[in-house]
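Contents: one structure, followed by commentary.
Start at 1 and go down the list; that is how both ligands and their atoms are numbered.
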Amino acid sequence: MLFRPAAEADLDRLLGCVVDESISWAHPDRLLSFLESRNYRYDRIWLAEENGEILARAVWWGFAGEERPLALDCVYVHPSVEDRVGLAGELLRHAHAAFGRTPEYHVFVSNGWREDPKASAAIAWRWEAAGRAGLTEELERLRYAWTPGSPVPEPSDRLVFRGDDDDEVFVDAFRQVAEGTLDFHTRQALMTMDPVEQAREDVRDNRSMRGDRSWWRLAYDKSGDLVGVALPSANDAGPVVGYLGVVPAHRGRGYVDELLGEITRFHAERGVPGIMADTDAGNVPMARAFERAGYENVSVRLVLSADPGAA
Ligand SMILES: CC(C)(COP(=O)(O)OP(=O)(O)OC[C@H]1O[C@@H](n2cnc3c(N)ncnc32)[C@H](O)[C@@H]1OP(=O)(O)O)[C@@H](O)C(=O)NCCC(=O)NCCS
């Protein structure tokens, strides 16, 4: 078996890999459009090949123009392969060694995938294969969508929202909001990073999104106390909630509804066709706030990542 990155000459055979399972995958249209936009690249597609036939294919997604692949998008194994877990696991290990890192694996499934035998079977063997390649941490992210038919919330009468050009003011607010967070990635980052450094990285990541920096808001109560942050933003697919959070001293008072309301109203007033948002299934206060605000849970993203504590 030969494990190698793909090359342009493989294109026809890459397009011939078909995943006939209930799971998101790099189908021909997606492959062609992402190769064109440079979110996929031949050197970020890895193949297991025998006698000129592709027996397994793994496809990673990355920002165009960035060297490092950000997430594994699709794992395919030819139906004739008996040990698909073993082959896929080995393919991922070869690619990780070449990348010098272990990018997360992201898979979209529909709601209720656990009760759907086809969807759970499609996920089960991929999970096992990914686990053998070091992706052992599991996370379920809920994807929410707001559409213009849903209600637009009234402005808050408890909070005052203000922008601030100084990133360090947001770094300090992010640091406070991250305390006691239920968000998996923030908790993971705080296991290995200093809180200020973690907040600074989060501010940088939010800045690299497509939303305008001038949209960012800090929320204060009537006595001038910082209550939280609200960052409407956008990604390649359109407007997103971005980030919001309440500082620990003000949690449990329903302020989350007003921060989310501010973001929803901001986008709605611009006449956007919809707003997307993701949160961890384990971040129950956040998920409930989306549901109260008329956001609909449209799909689930499963994320597998490497244990930051592992060597
Ligand atoms: C998620 C978050 C915004 C909720 O804010 P909030 O205004 O406190 O939410 P609510 O007032 O609706 O709280 C509902 C309940 O959840 C509890 N709760 C809220 N945040 C909590 C947390 N981080 N840990 C444990 N419990 C929490 C509240 O105490 C309250 O409990 P109660 O019903 O027993 O009184 C806040 O936890 C937060 O800022 N977290 C960190 C940042 C974050 O996760 N942002 C979302 C990223 S997508």
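Geometrically, ligand 1 and M286 share no nitrogen or oxygen pair separated by less than 3.5 Å. An N or O contact shorter than 3.5 Å is missing between G245 and ligand 1 by distance. For a threshold of 3.5 Å applied to N or O pairs, the pair formed by L182 and ligand 1 contains no separation below that value. The shortest N/O to N/O separation between H250 and ligand 1 does not fall below 3.5 Å. For a threshold of 3.5 Å applied to N or O pairs, the pair formed by Y243 and ligand 1 contains no separation below that value. Of the N or O atoms in G180, one or more lie within a sub-3.5 Å distance of an N or O in ligand 1. Residue P285 places no N or O, backbone or side chain, under 3.5 Å from any N or O of ligand 1.
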Hey, mind stepping through L15 and L32 against side chain to side chain contact (heavy atoms under 4.5 Å, CB included) and telling me if it holds?
CA-CA 8 Å; L15 293 170; L32 287 171; 3.9 Å; yes
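There is no protein heavy atom closer than 4.0 angstrom to atom 32 (P) of ligand 1. Taking a distance limit of 4.0 Å, we find that atom 15 (C) of ligand 1 is approached by no protein heavy atom. By the definition of a contact as any protein heavy atom under 4.0 Å away, atom 26 (N) of ligand 1 is not in contact. By the definition of a contact as any protein heavy atom under 4.0 Å away, atom 12 (O) of ligand 1 is in contact.
Here the side chain of N297 pairs a donor or acceptor atom with the backbone of S299 at under 3.5 angstrom. Here the side chain of H94 pairs no donor or acceptor atom with the backbone of R4 at under 3.5 angstrom. Of the possible polar contacts, none joining the S120 side chain to the E115 backbone as a donor-acceptor pair under 3.5 Å is found. Side chain of D10 to backbone of A7: a donor-acceptor contact under 3.5 angstrom is found.
One option in V256, V284, D278 has a heavy atom closer to atom 7 (O) of ligand 1 than any other, and that option is V256. Here the shortest heavy-atom distance to atom 37 (O) of ligand 1, taken over R141, R251, E179, belongs to R251.
At a threshold of 4.0 Å, the pair R288-D257 does not count as salt-bridged, since none of the basic side-chain nitrogens sits closer than that to a carboxylate oxygen.
If you number the atoms of ligand 1 from 1 as listed, the ones under 4.0 Å from a heavy atom of N283 come out as 1 (C), 43 (C), 44 (O), 46 (C). Listed by number with element, the atoms of ligand 1 under 4.0 Å from a non-hydrogen atom of R292 are 12 (O). Of all atoms in ligand 1, listed by their number and element, those nearer than 4.0 Å to a heavy atom of R253 are 11 (O). Residue T279 has at least one heavy-atom neighbour below 4.0 Å for each of these atoms of ligand 1: 48 (S).
Cluster annotation: V177 and L190 are assigned to distinct hydrophobic clusters (Ile/Leu/Val/Met/Phe/Trp/Tyr, side-chain heavy-atom contacts under 4.5 Å, transitive).
Side-chain polar atoms of S223 and D225 form no donor-acceptor pair below 3.5 angstrom. Side-chain contact, H267 with R270: a donor N or O sits under 3.5 Å from an acceptor N or O. A donor-acceptor pair shorter than 3.5 Å cannot be found between the side chains of E50 and H78. Defined by atom type and a distance below 3.5 Å, a donor-acceptor pair is missing between the side-chain atoms of S156 and Y255.
Protein heavy atom in closest approach to atom 30 (C) of ligand 1: G252 CA, 3.8 Å. The protein atom (non-hydrogen) at minimum distance from atom 39 (O) of ligand 1 is V246 N, 2.6 Å. Of the protein's non-hydrogen atoms, L244 O, 2.8 Å is the one closest to atom 45 (N) of ligand 1.
Within the structure, ligand 1 lacks H185 among the residues with a heavy atom less than 4.0 angstrom away. Note on ligand 1: A289 sits outside its first shell, no heavy atom being nearer than 4.0 Å.
Taking the six-membered ring for Trp and the full ring otherwise, F290 and Y144 have centroids separated by under 6.0 Å.
Looking at every heavy atom in both residues, W125 comes nearest to A88 through CZ3-CB, 4.1 Å.
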